[in-house]
Amino acid sequence: MANTNSKPGASDVDGHEPDRRDFIVVATYAMGAVGGAAVVWPLIDQMNPAADTLALASTEVDVSKIAEGQAITVTWRGKPVFIRHRTADEIMRANAIDSAELRDPEEDETRVQKPELLVVLGVCTHLGCVPLGQKTGEVKGEYDGWFCPCHGSPYDTSGRIRKGPAPTNLEVPPYSFLSDGVIRIG
Amino acid sequence: MSAEKFSNPVVRWIDHRLPVFSMLDHEKYDYPVPKNLNYMWNFGVLAGLALVIMIVTGIVLAMNYTAHIDHAFGSVERIMRDVNHGWLIRYIHMNTASFFFIVVYIHMFRGLYYGSYKAPRELLWMLGVVIFLLMMATAFMGYVLPWGQMSFWGATVITNLFSAIPFVGESIVVFLWGGFSVDNPTLNRFFSLHYLMPFLIAGVVVLHIVALHRFGSNNPIGIDAKGPQDTISFHPYYTMKDMVGIAMFLLLLAVAVFFFPNAMGHPDNYIPANPMQTPAHIVPEWYFLPFYAILRAVPDKLGGVLLMFSAIFVLFVLPWLDRSPVRSARFRPVFRIFFWLLFIDCILLGYLGGMPAEGIYVLLSRLATAWYFLHFLVILPMLSVFETTKPLPKSISEPVLATARGVA
Amino acid sequence: MRKFLIASVTAIAAMIGLASPAMSAGGGDVKLQAGEWSFTGPFGYFDKAALQRGFQVYRDVCAGCQGIDYIACRNLADLGYNEAEIKAIAAEYEVMDGPDDEGEMFMRPARPADIIPNPYRNDNEARASNNGAMPPDLSLIAKARANGPDYLYSLLLGYVDAPTNQDVPDGMHYNNAYSGNLIAMPQPIYGDDVEYADGSPTTPEGLSADVTNFLMWSAEPKLEVRKRIGVAAVFFLSIFLVMSYFAKRRVWADLH
């Protein structure tokens, strides 16, 4: 059957039943497809965080030197973390309101390990800008916490969203007290 | 070319407006391929596969590489140690580079043996030589990127070749470096060009294929197909035959990548570049060794550089050096002997390129270089005139011998 | 023309084969002692106990002069240490961090993510402390020398008395595995230089083999997974080759 004009692939389908020898053709193509798919994964997975990036996932911070009413910003995983030593007044105001009324209901005490020390990620939950309110003299917004200037989201003294487009409260990163004055984030 | 040949309505709808399926179909079924191609005709497809592997792994490596002299070596080590599967991707890139050259060298020797460069395929051959030149430039710049000792000194030596040009040579070298030595600006531009050039290669490959499809593949007998009885469709016959070649290629590549990943590299490139100290014995990557031997064979700086470039340039004019009307070496008994001598000569040059330039090696390099040029410039034109060729078959499908005559 | 194909492949393989030892041998005049390594061959693996002992030799013997800049404490998990052990090992190192709020750099105990600190602040200090000879970094040394493992093993055991006709200048040492035979590094291993917890022999050969194992790991930490995937890949592709060959024969059978 030395024919060139007809399509041999098509005639096989129409002409005769696939037999064992046709099976091997299909199996070979299938095997090629499986092999091809297998090499795609490493090419994609290389974009996930590398081992050294994952290993740097914790930061130790000395919080003993933050004066009452002051705040510091530290870096964790390339993002700012706000650490505020809250005044008694700020703590009181954070607890004064009924959390059920909030957009993202959360009690203040579930957001802190020690009431005077608030640790939150300094990343607005709307679209990722860094809110103002860390430095003295910066706008803190109408709830005296932080204020995101990008799209106008004010946060309160517990870092909870009160108004504006942001959907959730400022995230509290995992952290633990290594000693009285030192925390480890991550 | 009607869209009705597709049963799937979506395919038909698209094909009516954008006839990509018709084009594919045309290549698969209507493009006539001589029925007698042997496994040597796998190497074009294999070279294409190697190019695709290089581009894909290269793009992925570039996501993790830092083109700065203080960080390049470390970023490559980070790929090898910390990036997910980074070691695998880099070893594939490294070894496929070598395999790419192996495949292309075989592809070229196949063309030489079967006279694939002869009319009407001169431009096809010349485009191939352009691809080869681009490959050499790309490979050279890629080898610089890890910023090891061989990277640095390879870059220094090769860029210094241009200083041999009279009057403007020094200025050209400073221009290439972007400074007064191989330094950060050099690394940055090499990275940029190393990323660019594979796409230029891909572009020339498209032209190469367009030129190929004008007259179709040459074949082991070297006579033109005389009709449908001499040809078969590309699919499924040559797709399947290429699949065998691809499987073999990937198997050998896997053996290299997984069990001998550094065998074709050089240990010194695992030492970070040190501009204050040259390694005792520097050599280029193995695929440059024949040309390196030609370069060193000449005691004159400019002469060596010119001769080395001539070794490639002579391939451009090859279709006009070999005027014999018979393509395939099967029917050229004397040519066949000289072909194998040239083959051995090239291997010898490669060996000599890796040896220190002293003693007997210098003399041998000169003889081998002389033979290389003698083959192309004297022997081939002479054979075109004096060789008595064997009678050619009447057609590809009929093994009956016709009276000896030209095929053009 | 199958002959042609075979000839080409063998010729190019021969060219690479001939050229690579020629390229890499450099001095070419020394004979290496071949060690017994668990990591060679397609099923090669690292002997974790040997790696741990080798790390101990590195710390007690080599680390005084030579850094290992691409190895972080966390990487020691490959040697079989658990998280707590790695933290304890890390804490034994002091690394520079900073600047702090006052702008000062300060020292603190290392954490698992930290690179094992180099004994010198920079190359100049390294050179100045070693009579002008720069002790090379050891992270990649097993790949940065031809026949790395055998070379390192031979070099460590190669400190023998110089032949009488060999003049050994001050600050140099005679070594029969080193190209040119004169090496700036003084003999590092004499035997019993360290004490092993597992009671393995601390002969010069034992110590040298252990530290060579460790250095091969530091140069190629992914060796085990590489070979494991390699066996699977070669197995898969071999079957693929056989199948595609028979599939090709099946398709071409139409023509005859």
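Here is the naming used below: chain letters follow the sequence lines, and residue numbers restart at 1 for every chain. All figures in this text were calculated on a predicted structure; none of them were measured in a lab.
- Here the straight-line distance linking atom OG of S139(C) with atom CD of E77(B) works out to 7.5 Å at 0.5 Å rounding.
- Pairing each heavy atom of A254(B) with each of L237(C), the nearest pair is CB-CD1, 3.7 Å.
- For P221(C), the part sitting under 4.5 Å from any heavy atom of chain B is the side chain, from C-beta outward, and nothing else.
- Contact check for F240(C) versus V244(B): no side-chain heavy atoms found under the 4.5 Å cut-off.
- When L140(C), D69(C), V231(C) are compared by the number of non-hydrogen pairs under 4.5 Å with chain B, L140(C) comes out ahead.
- Between W252(C) and Y237(B), the closest heavy-atom pair is NE1-O, 2.9 Å.
- Rounding to the nearest 0.5 Å gives a distance of 7.5 Å between NZ of K227(C) and CZ of F259(B).
- No more than 12 heavy atoms of other residues, nucleotides or ligands lie within 6.0 Å of CZ in R249(C), so this atom counts as exposed by the packing criterion.
- The most heavy-atom pairs under 4.5 Å with chain C, out of M80(B), M248(B), R81(B), come from R81(B).
- Just one residue in the list K241(B), M243(B), M240(B) forms a side chain to side chain contact (heavy atoms under 4.5 Å, CB included) with V251(C), and that residue is M240(B).
- Contacts between V242(C) and chain B at a heavy-atom distance below 4.5 Å are absent for every atom of the residue.
- Only the backbone of A219(C) comes within contact range of chain B, judged by heavy atoms closer than 4.5 Å.
- With chain C as the partner, the residue from G74(B), G353(B), P261(B) showing the most heavy-atom pairs under 4.5 Å is P261(B).
- Here the CG atom belonging to L250(B) is positioned 10.0 Å from the CZ atom belonging to F236(C), to the nearest 0.5 angstrom.
- A 4.5 Å side-chain heavy-atom check between M134(C) and Q277(B) finds every atom pair outside the cut-off.
- The closest donor-acceptor contact from the side chain of R78(B) to the backbone of Y70(C) lies at 3.5 Å or more, if one exists at all.
- D137(C) contributes atom CG, which lies 15.0 Å from atom OH of Y270(B) (distance to the nearest 0.5 angstrom).
- With a 4.5 angstrom heavy-atom cutoff, P279(B) does not touch chain C via any of its atoms.
- Between atom CD1 of residue I141(C) and atom CD1 of residue I271(B) there is a gap of 7.0 Å, rounded to the nearest 0.5 Å.
- When heavy atoms are compared at a cutoff of 4.5 Å, S218(C) approaches chain B solely by way of its backbone atoms N, CA, C and O.
- Closest approach of F258(B) to A233(C), counting heavy atoms only: CE1-CB, 3.7 Å.
- With rounding to the nearest 0.5 angstrom, the CG atom of L241(C) is 9.0 Å from the CG atom of L252(B).
- The environment of E83(C) atom CD is sparse: at most 12 non-hydrogen atoms of other residues, nucleotides or ligands sit within 6.0 angstrom.
- Counting heavy atoms from C-beta on, the side chains of R145(C) and P267(B) never come closer than 4.5 Å.
- A 4.5 Å side-chain heavy-atom check between D242(B) and K248(C) finds every atom pair outside the cut-off.
- The closest side-chain heavy-atom distance from V234(C) to V255(B) is below 4.5 Å.
- No side-chain donor-acceptor contact under 3.5 Å links W87(B) to the backbone of R226(C).
- There is no contact between I239(C) and chain B, counting heavy-atom distances below 4.5 Å.
- Salt bridge status for D82(B) with K222(C): absent, with no side-chain N to carboxylate O gap under 4.0 Å.
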